[in-house]
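A quick write-up on the structure given underneath.
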Amino acid sequence: MVNLTINGMPVQVEEGTSILDATKKVNIKIPTLCYNPDLPPWAACGICIVRMEGSPKMVRACTTPVAEGMKVITHDPEIIQVRRTVVELILSNHPNDCLQCPRNGNCELQRLAAEFGIREVPFQNIVKDLPIDDSNPSIVLNPEKCVRCGRCVKVCQEMQNVWAIEFLGRGINGRIASAADVPLGESPCIKCGQCAAHCPVGAIYERDDTRKVWAALQNKEIHPVVQIAPAVRVALGEEFGLEPGTIITKKIYAALRRLGFKTVFDTNFAADLTIIEEGNELVRRLTEGKGEIPLITTCCPAWVDYLEKYYPEMIPHFSTAKSPQQMMGAMIKTYWAQKAGVDPAKVFSVSIMPCTAKKWETTRNDDMKSSGYQDVDVSITTRELARMIKQAGIDILNLPDEDADSPLGPYTGAGTIFGATGGVMEAAVRTAYYLVTKKEMGDVNLKAARGLQGVKEAEVDMNGKKIRIAVAHQMGNIAAVLEKIKEAKAAGKETPYHFVEVMACRGGCIAGGGQPYGCTDEVRSKRIAGIYTDDEKSTYRCSHQNPFIKQVYDEFLGEPNGHKAHSLLHTKYVARPLYQK
């Protein structure tokens, strides 16, 4: 432990702690712009400068470790003036179009300018005329707004190990761009949106598809149907002042009806459906040898994109089951449309997702048209839904609770935990255990699959057979698992795992690229806790127990993994180049 004083107050922290983190112990806030708790600090912006008592030298708090006896001054007139000047210099290279910016009202640079009372910038405004790159189906890059904080580069390269974004040029000519300066849509980008989630300004943001949704809602000839993903229910409330993890599922249903959706379903139901298909697929691979082991989950489209580009040799291990979003889309335009007597050609299917990659997934390949139409017409993020609710003047927090429509609405606890890392694995194990043993698990809580550890491993006893599982999240952690599998195969050894879950984003979908801004591990933990609270309160906690799932198979799909189920609920994968041209 190290003893120091900050603004005259004694503080004791662990050796190696940065001054920035130490100040939080005494409730002092040092302004930052390039710093983000998910990323290693690298002192790019210079706003977090502090000084030592008796010294004119200023150091950057984010990268300077504490030392025994250190006497830190975090605020004085000179420090404040230097910080103000840094912000003014950043603003001198930034467009003055806040009202048209997608981050207006939720911009870290805008907030700093307000906190420092900046009304005029004493420097010449020099903004480079750089074109917007909207070639990507999920995210948009506006390099003019870049403040060169480096967050997106560090996220893409160090957290996600994708390397689709980099700095090009030096000095005044430095800019953010996709790798090799190709259009972002032709780069190795996997559309996870973590760059947008970590960008402090409007330099990278999700493609806004709300106008397409508004147009459909206003078209009297169309029947708009909507589904909401598991992670949306524990994060949307943040946009309206609630604590992360607050569950507002039934108020979301009510808000969606007030927006104009005629039918409201829940993606959690399709998550239950995914487990039936994927669980049976796992059991068949294990007991009948029909397919490669380990089986790897495929609910995350960013992960699918990554695998097709970086590890195409692993495609035989991929589950052919579609994601819940796409299963629901297919079921809406076939089973439900037939049952409700609605022409599928007039159904406009919208998904509310925590994920920017879901936008790309809606047209990933021809299997996304298994109903004969595009199964999901538009996918919008949690942030986009929040904007729509605000535009419509809906006071969501004071709406009465409403239920989703049947039969594609009711869900089990297994369906809702899909939103958290380890959730797909836990849900699958609950049902796979039943399929193998014909008995229900005594304790359905697979706690070894939970938490924010990058890679989690466990062993499940299914009637004497030991099933080894692995759960990986945050794309940079995935390679270790895949290489372990490849090494065992190359050596002719038994596979280290039988079943592997992968999610591209840290914490899983609860921290997807389309969730409310400002996600930290503390926020992730609260959202995950909300997900598991929803699970624990569910009448049924295993997907195979959902009576409406049974109804769908009895009335329409037939056998799990059967011909009809396979044509509607499964897909295929192909190797694709890192660069599209």
Side-chain angles (χ1 to χ4, degrees), residues 21 34-42 138-139 149-165 189-200 204 206 229-232 234-235 238 244-245 296-297 299-307 310 323 353-358 381-383 417-426 448-457 470-482 500-532:
D21 287 336
C34 68
Y35 174 78
N36 184 280
D38 281 348
L39 306 168
W42 72 313
S138 298
I139 53 178
C149 68
R151 285 192 199 173
C152 60
V153 174
K154 285 191 168 291
V155 166
C156 190
Q157 296 182 2
E158 296 181 27
M159 278 186 75
Q160 301 299 78
N161 195 29
V162 173
W163 299 77
I165 299 175
C189 175
I190 60 170
K191 298 95 177 170
C192 69
Q194 286 303 308
C195 54
H198 286 78
C199 178
I204 307 179
E206 76 278 6
V232 175
V234 293
E238 295 167 41
I296 304 178
T297 62
C299 295
C300 171
W303 159 232
V304 169
D305 195 10
Y306 183 91
L307 176 127
Y310 285 87
S323 73
M353 294 285 139
C355 172
T356 51
K358 290 292 182 183
T381 64
T382 308
R383 295 195 294 263
I417 62 176
F418 261 58
T421 171
V424 176
M425 175 66 68
E426 184 169 345
R450 302 181 187 180
L452 292 174
Q453 184 181 342
V455 177
K456 296 160 282 188
E457 300 178 354
V471 174
H473 63 112
Q474 185 179 317
M475 198 58 76
N477 294 319
I478 311 307
V481 174
L482 296 182
V500 177
E501 177 204 294
V502 175
M503 292 188 183
C505 301
R506 180 168 178 78
C509 304
I510 51 94
Q515 291 282 67
Y517 293 116
C519 193
T520 62
D521 276 357
E522 181 182 359
V523 171
R524 291 182 181 96
S525 295
K526 289 180 178 179
R527 291 177 184 170
I528 289 171
I531 286 281
Y532 279 98

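Below, each value reflects all heavy atoms present in this structure, side chains not excepted, and no hydrogens, waters or symmetry copies. These numbers come from a predicted model, not from an experiment.
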For this session: In plain terms, say whether Asp521 and Lys526 are close enough for a salt bridge, that is, a side-chain N and a carboxylate O under 4.0 Å apart.
Result: no

Kindly say whether [Y] contributes a backbone atom to a donor-acceptor pair with the side chain of [X] at under 3.5 angstrom?
X: Glu457; Y: Ala449; answer: no
X: Gln453; Y: Val455; answer: yes
X: His198; Y: Cys152; answer: no
X: Thr356; Y: Gly193; answer: yes

Exercise. For Cys519 and Arg527, which heavy atoms make the closest approach, and how far apart are they?
Worked result: SG-NH1, 3.6 Å

For this session: Provide the closest heavy-atom pair for Cys505 versus Cys192 in the form atom of the first, atom of the second, distance.
Result: SG-O, 4.2 Å

Seminar exercise, completed: Residues at least two apart in sequence or cross-chain that pass salt bridge (charged side-chain N to carboxylate O under 4.0 Å, His left out) with Lys456, listed by chain then number, are none

Problem set entry | Neighbour count >12 (heavy atoms, 6.0 Å) for atom CH2, Trp163 | no

Problem set entry | Pairs flagged by salt bridge (Lys or Arg N to Asp or Glu O under 4.0 Å) wherever residues 508-518 is involved - sequence neighbours left out | none

No-hydrogen, no-angle side-chain donor-acceptor test under 3.5 Å, [X] and [Y]:
X: Thr297; Y: Glu501; value: no
X: Lys358; Y: Ser323; value: yes
X: Trp303; Y: Asp305; value: no

Exercise. Does the side chain to side chain contact (heavy atoms under 4.5 Å, CB included) test come out yes or no for Tyr517 and Arg383, once each step is laid out?
Worked result: CA-CA 8 Å; Tyr517 293 116; Arg383 295 195 294 263; 3.5 Å; yes

